[in-house]
Structure formats: C-alpha cells, structure tokens
Amino acid sequence: MATLHVAPTFLRPAETTAGGGSYGKPITFLPKSKRPISVCLAVSSPESMSTSETGKPEIEIEFVGPKAGSDGSYPVERAKAVSGEKLLRNIMLDNKIELYANYGKVMNCGGGGSCGTCIVEILDGKHLLNERTNTELRYLKKKPESWRLACQTIVGNKENSGKVVVQRMPQWKK
C-alpha cells in the first residue's frame, strides 16, 4: 500500500459558481503561492453504488462449488439480491444453487435454524452480512468464524452494496 504525504496548505477555490456546477469535474485551487492545483474528487454516492431496478442497493454474490472440476478449478455460480431483503438460503434456492449435501436434502429443517445442514463459508464480503445469530453461535461454536448458516444469514443491511463470495458445503472442501 502506498502512502501519500501532503504538506498542509491553505487552498481557496479559483472561482465559485452559483448552483455548484462543478460536481464530477476537476476543481482548481490556488494555494498562497498562486500556482494552480487541480484536484479530482471521488465521491461515493447512492448514484454510484450498485443498485437494482427499484433503485435499492444490491449485493452481488458468487457461490464457489465444493469440489474442483477435472481442470482443478472450482465451479462458480452468480446471483444478485437487493441489500437487506433476503436470507442467503432463500437466494440460493431461488437461483437453483445447490445448498445441501445429500443428507441435508432430505433432513433439513426448512430454514428454521434447527438442523445445521445449510453451512456455508464466507470467503469475502463478511462485512456485508449480519452478525452471527444466537442459533449460529450454538451450532457453529467449534467451527471456523467464517462459517455461517445460510438460513440465518441476511445479505446486506438495506443501505450497503458490494460483493460476497460464498463457499458452498465447506465441509466437503479438500
């Protein structure tokens, strides 16, 4: 990571316009030495975030398969969801992404959080999910912190957007 050191200086706008017409354009400042400095600002605004057709923030999710293919790469399936509106389990089922191992297909609790068969591992984007619930703390107390129950994991918080990478059936990963 590069570090940028800037000496403090007093800057004033070279010109001001009524109505603030300089959004998204470089702004020129004149320091006391009278040499102009151009500054381009990157602003994170709701318009720049990933949004759905409804204008709500959206989370992109990549689901990595549990076993590598013959070429050594893991299969990846993708889905999108409106931030804060769905559980990870429902997103997977809606998009026909395999969630359960053979035993779990028959013996799952239907998303009630009482069986522990919908385990996934969050490889990236943990900050875009809710904290572990009490149910998860009980079922996953001896499992890695990155493991979650899909039926207890809310994707997003209605305000954030980004990308989450999920390992399906991490107990199978070799």
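Residue indices begin at 1 and follow the sequence shown.
Rounding to the nearest 0.5 Å gives a distance of 9.5 Å between CG of L93 and NZ of K86. Here L129 contributes atom CG and N157 contributes atom CG; the two are 10.0 Å apart, rounded to the nearest 0.5 Å. Put simply, CG on L128 and CD1 on I154 are 13.5 Å apart, with the number rounded to the nearest 0.5 Å. In this structure, CG on L87 lies 10.5 Å from CG on D94, to the nearest 0.5 angstrom. Note: C118 SG to M169 CE = 11.5 Å, rounded to the nearest 0.5 Å.
Side chain of N95 to backbone of I97: no donor-acceptor contact under 3.5 angstrom is found. In this structure a side-chain-to-backbone donor-acceptor pair under 3.5 Å is missing from Y100 to T117.
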- prompt: Taking it one step at a time, do K105 and E98 satisfy salt bridge (Lys or Arg N to Asp or Glu O under 4.0 Å)?
  reply: CA-CA 9 Å; K105 289 177 186 175; E98 189 176 14; 3.2 Å; yes
task: Start with the C-alpha gap between R78 and E60, add the side-chain angles, then the distance that decides, and say whether salt bridge (Lys or Arg N to Asp or Glu O under 4.0 Å) holds.
output: CA-CA 7 Å; R78 292 175 174 79; E60 297 176 36; over 6 Å; no
field: Trace of the salt bridge (Lys or Arg N to Asp or Glu O under 4.0 Å) decision for E121 with R148
entry: CA-CA 6 Å; E121 181 177 8; R148 301 290 306 266; over 6 Å; no
- request: List the steps and the verdict of side-chain hydrogen bond (donor to acceptor under 3.5 Å, both in side chains) for Q152 and T133.
  value: CA-CA 7 Å; Q152 299 291 303; T133 63; 3.1 Å; yes
Stepwise side-chain contact (heavy atoms from CB on, under 4.5 Å) check, K143 with Q171: CA-CA 10 Å; K143 302 292 185 194; Q171 63 273 30; over 6 Å; no
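At least one side-chain heavy atom of I59 sits less than 4.5 Å from a side-chain heavy atom of I61. You'll find the side chain of K56 reaches within 4.5 Å of the side chain of E85, heavy atoms only. For the pair S83/S161, no side-chain contact is recorded, criterion being any heavy-atom separation below 4.5 Å from C-beta on. Residues N108 and R89 meet the side-chain proximity criterion, which asks for heavy atoms closer than 4.5 Å. Here the side chains of Y139 and R132 are not in contact, with every heavy-atom distance at 4.5 Å or above. Residues W147 and E136 fail the side-chain proximity criterion, which asks for heavy atoms closer than 4.5 Å. Between L99 and F63 the shortest side-chain heavy-atom distance does not fall below 4.5 Å. Contact annotation: the side chain of V166 never approaches that of V64 to less than 4.5 Å [non-hydrogen atoms, C-beta and beyond].
Nearest heavy atoms, A79 versus I91: CB-CG2, 4.1 Å. Here the closest non-hydrogen pair linking C115 and M107 is CB-O, 4.2 Å. The shortest heavy-atom contact between P57 and E159 is CG-O, 3.6 Å.
When hydrophobic clusters are built by joining Ile, Leu, Val, Met, Phe, Trp and Tyr residues whose side-chain heavy atoms come closer than 4.5 Å, directly or via intermediates, I122 is not grouped with L140. M92 and I119 fall into different hydrophobic clusters, defined by Ile, Leu, Val, Met, Phe, Trp and Tyr side-chain heavy atoms under 4.5 Å apart, directly or through other members. Follow the hydrophobic side-chain contacts under 4.5 Å out from L149 and you never reach V164; the two are in separate clusters.
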